[in-house]
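Below: the structure, in structure tokens.
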Amino acid sequence: MNNHEIDYKLYGDDMQFVEIELDPKETVVAEAGSLMMMEDGISMETIFGDGSSSSGSSGLMGKLMGAGKRMLTGESLFMTTFTNTGSGKRHVYFASPYPGKIIPMDLSKYRGKIICQKDAFLAAAKGVSVGIEFQRKLGAGFFGGEGFIMQKLEGDGLAFVHAGGTIHRKSLQVGEVLRVDTGCLVAMTSDVDYNIEMVKGVKTALFGGEGLFFATLRGPGTVWIQSLPFSRLASRVFAAAPQTPGGGSKGEGSITGGLFDLLGGK
């Protein structure tokens with residue numbers, strides 16, 4: 001094993017957090033702001049990049065370039081490491097930032113590489129490389145709901161990603177095609193062929209409510225799909241938020257609130 005070999009336990013159902021057990025000198029790497037709590041004897045350190053051996057062997061310039069690439073995925077320049085500096089087992093806990101599931105992935109079972117949404121990574125054993133994955137096809141870059149760049153997790157250790165709602169893991173056979181809303185795609189193995197396809201029919205595109213494009217995934221390989229993308233959740237929350245200048249409520253969610261809106265009431 002090139003990565004630290006960590007143990008874990010998941011808690012909760014719709015608002016999950018993960019407990020990671022660290023032996024002495026073991027380290028886990030996480031996104032800034034994902035920490036929930038930790039036991040005494042664990043030291044924190046802010047680092048450039050992901051702290052993997054691949055980024056560390058290239059010196060300061062390599063670390064800066066690796067950290068800079070993370071900005072392209074919308075992530076911070078920095079990550080945080082949590083190391084057990086005590087003599088016995090210690091535990092550190094990480095929570096997902098919105099309702100959904102945490103998916104543990106043993107990268108050694110997926111040819112050492114997983115491609116995921118740019119904001120899906122939560123934490124991983126030290127040694128897992130967190131990089132960027134450029135899409136091979138231009139269409140996927142410009143029209144995919146998740147942008148031109150996705151994250152790639154490489155190594156032979158455990159990584160944890162989070163997604164919204166319920167997660168469905170599906171194995172695709174050779175030549176099997178699955179069409180998915182671009183925001184619902186969480187992750188896929190590196191052998192899945194990924195492209196963006198335009199919805200056929202103007203009426204479907206304009207009035208179907210599913211947007212102009214969806215992801216076309218062709219097997220073989222494994223894909224993970226989420227039922228509630230954060231962008232979809234955020235748009236519904238924003239639409240339901242009070243729209244009055246003072247932020248006050250007009251009875252939203254009630255019959256009277258809807259009647260006032262219809263009649264132009266204040």
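Count residues from 1 along the sequence. The structure presented is a predicted model; accordingly, all values stated were derived computationally and were not measured.
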Do you know the tightest heavy-atom contact between [X] and [Y]?
| X | Y | value |
| --- | --- | --- |
| Ala187 | Ile114 | CB-CG2, 4.0 Å |
| Val29 | Met79 | CG1-CE, 3.5 Å |
| Pro229 | Cys184 | CG-SG, 3.7 Å |
| Glu154 | Lys152 | OE1-CE, 3.7 Å |
| Thr216 | Val177 | CG2-CG1, 3.6 Å |
| Gly221 | Asp191 | CA-OD1, 3.6 Å |

pair [X]-[Y]: side-chain heavy atoms closer than 4.5 Å:
| X | Y | answer |
| --- | --- | --- |
| Ile115 | Leu153 | no |
| Arg169 | Thr222 | yes |
| Val130 | Gln151 | yes |
| Leu35 | Val92 | yes |
| Phe78 | Thr80 | no |
| Leu158 | Leu107 | no |
| Val28 | Phe94 | yes |

Check your understanding: Are any side-chain N or O atoms of Asn84 and backbone N or O atoms of Asp23, one a donor and one an acceptor, separated by less than 3.5 Å?
Key ->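 Yes: the side chain of Asn84 pairs with the backbone of Asp23.
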Could you give the distance from [atom1] ([X]) to [atom2] ([Y]), rounded to the nearest 0.5 Å?
| X | Y | atom1 | atom2 | value |
| --- | --- | --- | --- | --- |
| Arg90 | Ser43 | CZ | OG | 11.5 Å |
| Tyr194 | Leu217 | OH | CG | 7.5 Å |
| Asp106 | Glu5 | CG | CD | 9.0 Å |
| Ile103 | Ile167 | CD1 | CD1 | 4.5 Å |
| Ser34 | Phe82 | OG | CZ | 6.0 Å |
| Ile225 | Met188 | CD1 | CE | 10.0 Å |

N/O donor to acceptor pairs below 3.5 angstrom from side-chain atoms of residues 11-19, sequence neighbours left out:
{"from": "Tyr11", "atom 1": "OH", "to": "Glu19", "atom 2": "OE2", "distance (Å)": "3.4"}
{"from": "Asp13", "atom 1": "OD1", "to": "Lys101", "atom 2": "NZ", "distance (Å)": "2.5"}
{"from": "Gln16", "atom 1": "OE1", "to": "Ile102", "atom 2": "N", "distance (Å)": "2.7"}
{"from": "Gln16", "atom 1": "NE2", "to": "Gly12", "atom 2": "O", "distance (Å)": "3.3"}
{"from": "Glu19", "atom 1": "OE2", "to": "Tyr93", "atom 2": "OH", "distance (Å)": "3.0"}

**Study point:** Transitive ILVMFWY side-chain link Met36 to Ile42, under 4.5 Å
**Key:**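 As far as the 4.5 Å side-chain criterion goes, Ile42 and Met36 are not connected within one cluster.
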Check your understanding: Checking side-chain contact (heavy atoms from CB on, under 4.5 Å) for the pair His168/Trp224: CA distance, chi angles, key distance, verdict?
Key -> CA-CA 6 Å; His168 180 62; Trp224 288 263; over 6 Å; no
Exercise for review: Not counting sequence neighbours, which residues clear side-chain hydrogen bond (donor to acceptor under 3.5 Å, both in side chains) with Ser96? List them please.
Suggested key: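 Not a single residue meets the side-chain hydrogen bond (donor to acceptor under 3.5 Å, both in side chains) criterion with Ser96.
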**Study point:** Audit row: Ile132, Met150, side-chain contact (heavy atoms from CB on, under 4.5 Å) steps and yes/no
**Key:** CA-CA 6 Å; Ile132 58 176; Met150 297 180 73; over 6 Å; no
Check your understanding: Taking it one step at a time, do Ile20 and Asp7 satisfy side-chain contact (heavy atoms from CB on, under 4.5 Å)?
Key -> CA-CA 6 Å; Ile20 296 180; Asp7 299 313; over 6 Å; no
Exercise for review: Please test Val186 against Cys116 for side-chain contact (heavy atoms from CB on, under 4.5 Å), starting from the C-alpha separation and ending with a verdict.
Suggested key: CA-CA 6 Å; Val186 177; Cys116 62; 5.5 Å; no
Point to revise | Stepwise side-chain hydrogen bond (donor to acceptor under 3.5 Å, both in side chains) test for His4 and Glu26 | key: CA-CA 6 Å; His4 288 200; Glu26 281 186 342; 6.0 Å; no
Check your understanding: Is there a ring-ring contact (aromatic ring centres under 6.0 Å, His included) between His162 and Tyr98 once you walk through the steps?
Key -> CA-CA 9 Å; His162 64 84; Tyr98 52 86; 5.4 Å; yes
Review point. For the ring pair Tyr8 and Phe160, is the centre-to-centre distance below 6.0 Å?
Key: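 When the ring centroids of Tyr8 and Phe160 are compared, they turn out to be within the sub-6.0 Å range.
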Exercise for review: Starting from the C-alpha separation in whole Å, work towards a yes-or-no answer on salt bridge (Lys or Arg N to Asp or Glu O under 4.0 Å) for Lys113 and Glu133.
Suggested key: CA-CA 11 Å; Lys113 182 178 179 180; Glu133 178 78 8; 3.1 Å; yes
